[in-house]
Amino acid sequence: MGTVGRSEMVLAENLTMVTEFLLVGFSSLGEVQHALFVVFLFLYLVILSGNATIISVIRLDRSLHTPMYFFLGILSTSETFYTFVILPKMLINLLSVARTISFTYCAIQMFFFLGFAITNCLLLGVMGYDRYVAICHPLHYPILMSWQVCGKMAATCGVGGFLASLTVVNLVFSLSFCSANRVNHYFCDISPVIRLACTNTDVHEFVIFICGVLVLVVPFFFICVSYFCILRTILKIPSAEGRRKAFSTCASHLTVVIVHYGCASFIYLRPTAHYVSNKDRLVTVTYTIVTPLLNPMVYSLRNKDVQRAIKKVLGKKASLKLYD
């Protein structure tokens with residue numbers, strides 16, 4: 001055996017392959033972590049209760065059995081699972097000394113996080129198309145947005161989201177991870193994990209960047225085109241009340257889109273080498289906690305149909321208790 005072959009074997013023997021990661025998260029904040037635990041736990045409970053309310057009201061009130069609220073119910077369900085993948089582990093780590101996560105569980109967490117996150121992006125795009133058809137082509141709405149079409153769109157969002165996630169996770173965890181195992185984040189996200197690889201990651205990062213462009217830029221561009229057409233149609237409505245009513249049906253969706261796509265684009269549409277941990281963690285908190293919180297709040301506070309449905313459902317429950 002040659003000298004080169006022996007040196008490669010010695011080098012391979014000296015490399016210790018990583019079997020678990022350490023989630024650094026908010027450990028640098030010391031005692032502030034206990035206050036963060038209380039705040040994040042409260043926000044998590046609000047997210048769960050808010051999304052559960054939206055899902056229940058849409059299911060119980062027949063007036064909300066329309067494509068727009070069908071997709072809103074799926075979005076709320078997806079965001080509930082999306083936060084479940086990250087927040088319980090983060091809350092445990094805020095009170096724990098050992099913040100380890102196994103290599104396999106890290107890959108599973110990233111897979112489900114990205115799967116639900118990408119599904120949400122695609123759903124927001126579909127919801128934009130729904131508003132475009134409803135306002136710009138109202139006469140063709142029952143055909144273009146039939147329940148069969150809605151079901152296929154929802155299934156495509158879910159399947160597409162998890163296939164894209166599987167591709168990215170396979171790219172990340174096909175890399176070799178040697179001695180470094182400190183993930184400078186509170187969950188297994190792409191950038192902080194891929195930086196720990198002990199092999200060249202340029203090709204993997206380029207493919208992941210292209211995936212990011214496809215799942216973020218393409219749906220967002222589609223939404224922008226939809227809203228350009230919507231705005232042009234709204235401006236042609238003669239009455240001010242008609243214009244206000246048409247725009248109010250889009251305002252909730254547009255608010256969620258701006259926050260969701262803005263934060264996600266800041267994190268994922270750039271090279272991994274430009275990852276800045278402290279700033280990124282703050283932005284990540286926005287789209288992992290604030291956006292799922294914003295969705296039910298915006299739709300329940302700004303949308304009069306949802307408000308009426310909530311009051312109706314609560315009124316029915318109150319009357320049932322009186323008769324018991």
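One is the number of the first residue; the rest follow in order along the sequence.
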Tell me which donor-acceptor pairs under 3.5 Å the side chains of residues 212-236 have, and how far apart each pair is, sequence neighbours excluded?
unit_1	atom_1	unit_2	atom_2	d
Ser226	OG	Phe222	O	2.9
Tyr227	OH	Cys250	O	3.3
Tyr227	OH	His253	ND1	2.7
Thr233	OG1	Cys229	O	2.9

- Rounded distance (nearest 0.5 Å) linking atom CD1 of Ile210 with atom CD of Glu205: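 The CD atom of Glu205 is 12.5 Å from CD1 of Ile210, to the nearest 0.5 Å.
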Taking [X] for its side chain and [Y] for its backbone only, find out whether a donor-acceptor pair lies under 3.5 Å.
X	Y	value
Ser56	Thr53	no
Thr83	Glu79	yes
Gln109	Val85	yes
Thr167	Leu163	yes
His65	Ile58	yes
Ser76	Gly73	no

- Item | Side-chain heavy atoms of Asp189 within contact of Val183, under 4.5 Å |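 Sidechains of Val183 and Asp189: no contact.
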Please output the side-chain donor-acceptor pairs of residues 116-130 that fall under 3.5 Å, not counting sequence neighbours, one pair per line with the distance.
unit_1	atom_1	unit_2	atom_2	d
Thr119	OG1	Gly115	O	2.7
Asn120	OD1	Ser78	OG	2.6
Asn120	ND2	Phe116	O	3.3
Asp130	OD1	Tyr141	OH	2.5

- How about Phe206 and His204: are their ring centres within less than 6.0 Å of each other?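 Ring centroids of Phe206 and His204 are no less than 6.0 Å from each other.
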- Item | Distance flag, aromatic centroids of Phe112 and Tyr82, threshold under 6.0 Å |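 No, the ring of Tyr82 stays outside the 6.0 Å limit from the ring of Phe112, centre to centre.
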- Query: Do Val39 and Tyr186 sit in the same hydrophobic cluster, where Ile, Leu, Val, Met, Phe, Trp and Tyr count as joined when their side-chain heavy atoms come under 4.5 Å apart?
  - Reply: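 Yes, Val39 connects to Tyr186 through the hydrophobic network.
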- Query: Side chains of Asp61 and Ser63: do they bring a donor and an acceptor to under 3.5 Å?
  - Reply: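 A pair is found: one side chain offers a donor N or O, the other an acceptor, under 3.5 Å apart.
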- Task: Please state whether the rings of Phe21 and Phe103 are parallel, tilted or perpendicular, taking 30° and 60° as the class boundaries.
- Result: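 Parallel: the ring planes of Phe21 and Phe103 meet at under 30°.
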